[in-house]
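Residue numbering restarts at 1 for every chain, and letters A, B, ... go by the order of the sequence lines. From a predicted model like this one, the values you see are computed outputs, not experimental measurements.
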Protein chains: 2
Amino acid sequence: MSDSQKFPVAAHALAYLAHKGAFAPEQAVSSAALAASMPTNPVVVRRVTSMLGKAGLIGARAGANGGAWLLKPAEDITLDNVLRAVNGCAHLGVAPPGAKGCPVGEKIPEAVSAAIVAADKAVAERLGKITVADLLKDC
Amino acid sequence: MSDSQKFPVAAHALAYLAHKGAFAPEQAVSSAALAASMPTNPVVVRRVTSMLGKAGLIGARAGANGGAWLLKPAEDITLDNVLRAVNGCAHLGVAPPGAKGCPVGEKIPEAVSAAIVAADKAVAERLGKITVADLLKDC
DNA sequence: GTAATCGTATCGGTAGCGGTTACATATACG
DNA sequence: CGTATATGTAACCGCTACCGATACGATTAC
């Protein structure tokens with residue numbers, strides 16, 4: 001796995017949808033409009049919104065006046081959900097397997113893995129306290 | 001930036017040094033021995049131990065019977081120090097700059113950045129509660 | 001002096017990402 | 001019905017970073 005801008009793009013897109021009041025198909029915002037607000041490419045936005053759609057966070061419709069809209073109030077979308085939706089995590093690496101036959105060499109990787117899992121969990125818990133609505137507070 | 005195995009390699013190496021009782025030049029462990037315990041390449045290990053050395057966590061000496069040793073008790077080395085030493089972080093991405101002229105498009109990136117910083121901080125705090133000694137507990 | 005070891009440079013192969021173009025599908029509107 | 005608009009996805013390119021390996025000078029023990 002590699003670094004990615006998916007999470008910030010996703011968070012920005014959701015906040016933008018909330019700001020535009022896009023809560024139904026009639027108020028859908030196009031990927032071109034979302035992309036212009038980053039700014040980035042519309043396809044990059046659609047790659048992310050597609051994942052957010054599969055996670056049940058947004059709806060989308062093709063065709064004229066189509067685009068994406070939020071399926072839940074902004075206060076009900078926490079950023080840990082967003083992170084999971086775009087396959088993100090703390091990306092601290094994967095513990096090496098450890099040498100065979102060495103009891104210590106086999107135990108250490110488990111402990112290192114546990115530490116990485118703990119870090120991932122800490123991220124999820126922290127982001128769970130931030131909602132999309134919070135991103136718009138100072139506007 | 002990209003994903004990296006530096007953090008798990010560093011944590012494993014430090015735990016292995018602690019287990020081997022390497023606390024002085026006389027008990028130095030070679031990069032070849034550390035690499036064999038992962039397993040990985042000695043050069044990969046030296047790239048990491050070099051960073052740990054610059055961070056003041058370990059000492060190293062060239063020459064016959066050379067290698068690396070811990071400069072502090074294992075209980076005093078927390079994993080957030082290790083993560084910082086190898087240039088790691090939560091790697092959630094960088095907030096896009098936002099569109100010019102749009103007051104909201106300019107505020108959202110700040111909020112997204114703040115969320116990413118909060119997540120990084122959560123990782124550091126969680127890893128700050130885990131020491132190298134903890135990695136050896138069940139051995 | 002010899003052997004061992006570190007630190008670093010360099011190269012090759014791999015992988016993922018962002019940006020772009022392209023295209024089939026779907027939808028609104030006249 | 002036909003046209004314009006927009007999504008979703010695939011394909012391709014250039015870029016970056018990583019890991020592994022080889023190599024080499026510098027350092028150190030014996």
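Checked by atom type and distance alone, the side chain of A:Gln5 pairs as donor or acceptor with a backbone atom of B:Val94 at under 3.5 Å. The backbone N or O of A:Arg47 lies less than 3.5 Å from no partner atom in the side chain of A:Ser50, so there is not a single donor-acceptor pair.
Residue whose closest nucleotide on DNA chain C sits further toward the 5' end, between A:Ala64 and B:Ser50: B:Ser50. A residue-by-residue look at A:Gln5 and A:Ala62 shows that A:Gln5 has its nearest nucleotide of DNA chain C further toward the 5' end. Toward the 5' end of DNA chain D, the nearer of the two residues B:Gly63 and B:Pro42, judged by each one's closest nucleotide, is B:Pro42.
Within the structure, a side-chain polar atom (N or O) of A:Thr40 is placed less than 4.0 Å from OP1 or OP2 of C:dG19.
Among the protein residues, A:Arg61 comes within range of the sugar-phosphate backbone only, with heavy atoms under 4.0 Å from sugar or phosphate atoms but none that close to a base. At the heavy-atom level, B:Gly66 lies under 4.0 Å from the strands shown only through sugar-phosphate atoms.
Using a 4.5 Å heavy-atom threshold, the side chains of B:Gln27 and B:Lys20 count as separate. Contact annotation: the side chain of A:Ile130 never approaches that of A:Thr78 to less than 4.5 Å [non-hydrogen atoms, C-beta and beyond]. Looking only at side-chain heavy atoms (C-beta outward), B:Thr131 and B:Leu79 stay at 4.5 Å or farther from each other.
Distance from the side chain of A:Ser30 is smallest for D:dT7 among the nucleotides C:dG7, C:dT10, D:dT7. The side chain of A:Thr49 lies closest to D:dG8, out of D:dG8, C:dT20, C:dG18.
Whole-Å rounding puts the A:Met51 CE to C:dC17 C1' distance at 11 Å. Rounding to whole angstrom units, CH2 of residue B:Trp69 and P of C:dC6 are separated by 11 Å. The CG-C1' distance, from A:Asn65 to C:dC29, rounds to 9 Å in whole Å. Rounded to whole angstrom, the span from the CZ atom of A:Arg46 across to the C1' atom of C:dA24 amounts to 13 Å. The distance between atom NE2 of A:His91 and atom C1' of D:dC18, rounded to the nearest whole Å, is 15 Å. Rounded to an integer number of Å, the gap from A:Asn41 CG to D:dA6 P is 15 Å. In this entry the distance linking CD of B:Glu26 with C1' of D:dA29 reads 12 Å, nearest Å. One interatomic measurement links the two molecules: CZ of B:Arg47 to P of C:dC6, which rounds to 14 Å at whole-angstrom precision.
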